[in-house]
Amino acid sequence: MFAATATEPLDAAARRLERLHPSFGFVTSAGGDGWTTLADAAAGPGVVAAWLDRLDDDAGGHRNVAASYLVLRLTGRITTALLASYLVDGRSLPLEPSTTHVHVDGAQFDRLALTGGDVDDDVSAAEVARRLHTLLAPVIETAAGLAPYGVRTMWSSVADRLGGPAVLAANAAGLDPDETWRRTHAVVDELVALGAPVRRRPRLLRVPWSGGVAAGSVKGTCCLKYVVDDLRPRDARQQPAAFCGGCPYVDDEVRVARRRAALERRPS
């Protein structure tokens, strides 16, 4: 856990989280082109439609895959820092629509900017969920009207996308994986209480290697990448490398072996 005062300026929080892991960081200004607030994304279909258009090439022209990528990438960008702060030291980040900005570079949401508010102690799972729901619900509803991809599936993808930063926080900060996973599932429970129709959830994976046991996550919902590559779910058995590392169609034995090999290749 970090030692921190009751109220912390945003720039100090950004530096503190980035020292723990680069993906946990954010910036506190949004100058220049390419930035959009989540309030603008919620104001009408224009912003979400433009995001889907940007993702079309990556999705091989499949609009449902573009919607899948949109939800996963946007969720990852706006929630990773929030979840890390909550899990590592029980502190909040002030993600509100008018002050939460995402930067788009090509088909990627590559930066997060938080431009107002302070970091406070004692945030609850319910408050983390409220902030996520406020930011994501309008985007998901709009995307569902623009692509053949259901609201239930998108919210399940949101739950999946919380698994990554959960295990990353556990591994980077030396947290107990089971407790970290329990707290992450509590956020998903609160999302459901707010009306998010999550059907499937990620699950915790344990990967033994020479340095101990690392935590990993397995998604409950496929991102549809296999559609772009003209594959079928059953092809995961013969071609697991063509599927995502956390894909629910890949066998755990293959997944653990792949992750263990990556860990063993790390420089000591």
Side-chain angles (χ1 to χ4, degrees), residues 38 41-42 48 51-52 55 63-87 92-93 95 97 100 102 109 123-170 177-205 215-227 233 243-250 252 255:
L38 270 294
V48 176
W51 285 344
L52 287 170
L55 287 159
R63 202 64 162 181
N64 59 336
V65 182
S68 171
Y69 288 179
L70 168 60
V71 172
L72 286 167
R73 294 176 188 181
L74 179 65
T75 300
R77 182 51 56 198
I78 69 175
T79 65
T80 297
L82 174 65
L83 197 63
S85 184
Y86 161 68
L87 292 172
S92 71
L93 292 179
L95 275 77
T100 300
V102 289
F109 296 91
V123 67
S124 64
E127 180 59 19
V128 172
R130 182 197 70 78
R131 296 182 188 198
L132 295 182
H133 194 272
T134 299
L135 294 173
L136 294 172
V139 174
I140 287 174
E141 291 294 333
T142 300
L146 297 170
Y149 201 58
V151 170
R152 288 184 177 87
T153 306
M154 284 190 267
W155 276 113
S156 296
S157 294
V158 170
D160 281 340
R161 196 59 186 83
L162 300 183
V167 298
L168 189 58
D178 292 306
E179 174 64 11
T180 302
W181 203 251
R182 184 197 65 75
R183 294 176 65 202
T184 302
H185 268 255
V187 174
V188 179
D189 289 340
E190 295 292 346
L191 283 172
V192 172
L194 290 169
V198 176
R199 293 191 304 176
R200 300 184 183 92
R201 301 186 183 204
R203 57 185 174 84
L204 183 65
L205 184 75
S217 65
V218 181
K219 294 187 294 185
T221 301
C222 179
C223 70
L224 303 181
K225 178 182 179 293
Y226 72 88
V227 174
F243 289 73
C244 300
C247 179
Y249 294 128
V250 174
D252 274 0
R255 193 190 331 273

Subject >> Pro202 and Val218, any side-chain heavy atoms less than 4.5 Å apart >> reply: no
Subject >> Spatial distance of atom CG (Leu135) from atom CG (Leu38) [nearest 0.5 Å] >> reply: 4.5 Å
Original post:
Should Asp178 and Arg183 count as an ion pair when the cut-off is N to O under 4.0 Å?
Top reply: no
Original post:
At what distance, to the nearest 0.5 angstrom, does CG of Leu83 lie from OG1 of Thr184?
Top reply: 5.0 Å
Subject >> Any donor-acceptor N/O pair, Arg200 side chain to Thr221 backbone, under 3.5 Å >> reply: no
Subject >> Arg203 side chain near Asp252 side chain, heavy-atom distance below 4.5 Å >> reply: yes
Subject >> Heavy-atom closest pair, residues Leu204 and Gly216 >> reply: CD1-O, 3.5 Å
Original post:
Which is it for Val167 and Thr180 under the side-chain contact (heavy atoms from CB on, under 4.5 Å) test, yes or no, and what are the steps along the way?
Top reply: CA-CA 8 Å; Val167 298; Thr180 302; over 6 Å; no
Subject >> Thr80 side chain to Gly76 backbone, donor-acceptor under 3.5 Å >> reply: yes
Subject >> Exercise: identify the closest heavy-atom pair between Asn64 and Pro148 >> reply: CB-O, 3.4 Å
**OP:** Over all heavy atoms of both residues, which pair between Ala169 and Leu87 is shortest? Give the atoms and the distance, please.
**Re:** CB-CD1, 4.3 Å
**OP:** Evaluate the side-chain proximity of Val158 to Val198: yes if any heavy-atom separation is below 4.5 Å, no if none is.
**Re:** no
**OP:** Hey, could you give me the CZ/CG distance between Phe109 and Leu70, rounded to the nearest 0.5 Å?
**Re:** 5.0 Å
Subject >> Residues that Arg201 engages under salt bridge (charged side-chain N to carboxylate O under 4.0 Å, His left out), provided they are two or more places apart >> reply: Asp189
Original post:
Sub-3.5 Å donor-acceptor pair from the side chain of Ser68 to the main-chain atoms of Cys223, do we have one?
Top reply: yes
Original post:
Between Ala41 and Val48, which heavy-atom pair has the shortest distance, and what is it?
Top reply: O-CG2, 3.9 Å
Original post:
What are the two closest non-hydrogen atoms of Tyr86 and Ser124, and how far apart are they?
Top reply: CE1-C, 4.1 Å
**OP:** May I have all residue pairs that pass side chain to side chain donor-acceptor pair (under 3.5 Å) and include part of residues 153-164, sequence neighbours excluded?
**Re:** Thr153-Arg199
Original post:
Nearest heavy-atom pair of Leu93 and Ser85: which atoms, and what distance?
Top reply: CG-CB, 4.0 Å
**OP:** Measure the shortest side-chain to side-chain distance between Thr134 and Leu95 over non-hydrogen atoms and say whether it is less than 4.5 angstrom.
**Re:** no
Original post:
Mind checking what makes salt bridge (charged side-chain N to carboxylate O under 4.0 Å, His left out) contact with Glu127, not counting sequence neighbours?
Top reply: Arg130, Arg131
Subject >> Between CD on residue Glu141 and CE on residue Met154, distance to nearest 0.5 Å >> reply: 7.5 Å
Original post:
Is the NZ or CZ atom of Arg63 both under 6.0 Å from the centre of the six-membered ring of Tyr149 and within 45° of that ring's axis?
Top reply: no
Original post:
When you look at Thr142 and Trp51, which way does the side-chain contact (heavy atoms from CB on, under 4.5 Å) test go after all the steps?
Top reply: CA-CA 11 Å; Thr142 300; Trp51 285 344; over 6 Å; no
**OP:** Report the distance from atom CG of Leu146 to atom CG of Leu52, rounding to the nearest 0.5 Å.
**Re:** 6.0 Å
Original post:
For the atom pair CG (Leu194) and CG (Leu132), what is the distance rounded to the nearest 0.5 Å?
Top reply: 9.5 Å
Original post:
What class does the angle between the rings of Phe243 and Tyr226 fall in, given that below 30° is parallel, 30 to 60° is tilted and above 60° is perpendicular?
Top reply: parallel
